[in-house]
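Below is one structure, written out as structure tokens; comments come after it.
All residue numbers in this chain count up from 1 along the given sequence.
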Amino acid sequence: MSCDFTKEGNLTVSNTAYTDEVAESFAKESGVNPRPNERKFELDETGAFIRQANTFIEPFGSEPGNHKAEANRFAIYWAKGCHWSNRPVITRDILGLTDLIKDQLVTQTGETNVYGHGFGDQEGFKDPITGVHFLSEFYKNANPNYTGRATTPTLVDIKDLKAVNNDYHRLTNYLEVQFRPFQPKDAPDLYPVAYRKEIDEFNDWLFPTVNNGHYRMSFCSSLSAYEEAFADFYAALDKLEVRLSNNRFIFGDFITDADIRVFPTLVRWDIWYYRNVGPIHKRIRDYPNLWAYTCELYNIPAFHKNTYVRDIALRRIREGGTDFASRIAGQIDYEKFFATDGSRKALSKHPDQLYLKHPEGETVEDYIKPISKTHWNDKDIKVRNPNNRTISVDPSINPLKGIIDK
């Protein structure tokens, strides 16, 4: 190799490039295994992509064995391109928890990412918070027998160097509820006690149809699975387009946890996801309400700061490449692309208020209720089949219209 080297403990560290050879030396020292390939291990017999169940799903709460919310104990490890991991960072910032819960971006390891998420853009290719080289080290510390993928987001105990929670289905809810004692008194109410059933039901419908829809198209291995995912995704967008025709946000006048889940998928579709799914039916820009909604959210500081649209759009472009991304993506003014005219304010009775306030007289104790479980974490792959979904109200209809936004 033509790189210069320095010694770090028993490892040889390249000063100039994070090669697969260097990644392998780190892996041998830390005892981590190569990252399992979801295209091999997360397909059912029909070729459909059935995402692995989250393993670190122990809730935060007051019951025996529950994790305890604590200031300056945890960090969110996340990736720019991963919309699952975009969500808890946005939530944390909205709720005023930025100084109490750290965050650290991860990148690929080596040239081919054999060992999964790491810190290729950091000095010594190490996590600047804890000094580890791979996200999977936190998983190994928490469970030496864990064999699945180390995923983003992961909430890590940075004192014990252990993965605590990788449940993207409920992680934002834990930040909203169990970390309520650490939020400012006037922090927004993203997950109102009275409406959690409706929000949970919507979110659990959103997961297989929209949030995971892109991945179902990208990772499946059969035409039938692709066509099913394609149909589910665009049928769901059609319903959301109708819903947002007379609702500023998913549940009316105010941003809730549901909006934080819808946004990261929509904002990535036209600049990145479209490349991975083959012929597309429509861009998000072709849905007037969905597009205006996406742009409005993008221009809100917590959403804007944590989205990195230009970085996402320019991922994996090739110098001299002839594809659209390599030729054109770098010339686009993304701030202009996502500009908003403010017209969606007219849909709200409270045009200058983005967030719901906690009810008068509500105590922290009133707010901290157990978080519901989701069947999307079930170990049985058949239970996690995307068709195993129900919702009591058609998603094109807001069941809280005129209720949550009085």
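- Every residue two or more places apart in sequence or in another chain that forms a ring pair (Phe, Tyr, Trp, His ring centres under 6.0 Å) with H281 is listed here: Y234.
- Between R87 and D257 no salt bridge is recorded (no basic side-chain N to carboxylate O distance below 4.0 Å).
- Applying the side-chain contact (heavy atoms from CB on, under 4.5 Å) test to D253 and every residue at least two apart in sequence or in another chain returns S348, K349, H350, D405.
- Among residues two or more places apart in sequence or in another chain, the side-chain contact (heavy atoms from CB on, under 4.5 Å) test is passed with N37 by R39, K40.
- With sequence neighbours left out, P208 forms a side-chain contact (heavy atoms from CB on, under 4.5 Å) with W376, P386, R389.
- Partners of W291 under the ring pair (Phe, Tyr, Trp, His ring centres under 6.0 Å) rule, at least two apart in sequence or in another chain, are F337, F338.
- By the salt bridge (Lys or Arg N to Asp or Glu O under 4.0 Å) test, E42 pairs with R149, sequence neighbours left out.
- D93 and T98 are linked by a side-chain donor-acceptor pair at a separation below 3.5 angstrom, with hydrogens and angles left out of the test.
- No hydrogens or angles considered: nothing links the side chains of D121 and Y18 as a donor-acceptor pair under 3.5 Å.
- At a threshold of 4.0 Å, the pair D157-K162 does not count as salt-bridged, since none of the basic side-chain nitrogens sits closer than that to a carboxylate oxygen.
- Residues satisfying the salt bridge (Lys or Arg N to Asp or Glu O under 4.0 Å) test with R344, not counting sequence neighbours, are none.
- A centroid separation of less than 6.0 Å is found between the aromatic rings of Y115 and F134.
- When the side-chain contact (heavy atoms from CB on, under 4.5 Å) test is applied to E58, the partners found at least two apart in sequence or on another chain are F56, H67.
- In terms of the salt bridge (Lys or Arg N to Asp or Glu O under 4.0 Å) criterion, D333 has no residue partners (sequence neighbours excluded).
- The salt bridge (Lys or Arg N to Asp or Glu O under 4.0 Å) check on D204 picks up R170, with sequence neighbours excluded.
- Ion pairing of D186 with K357 is absent here, as no side-chain N (NZ or NE/NH1/NH2) approaches a carboxylate O to less than 4.0 Å.
- Judged as a ring pair (Phe, Tyr, Trp, His ring centres under 6.0 Å), and not counting sequence neighbours, Y195 has no contacts.
- Residues passing the ring pair (Phe, Tyr, Trp, His ring centres under 6.0 Å) test with W269 are F233, sequence neighbours excluded.
- Salt bridge present: R216 and E228 bring a charged side-chain N and a carboxylate O closer than 4.0 Å.
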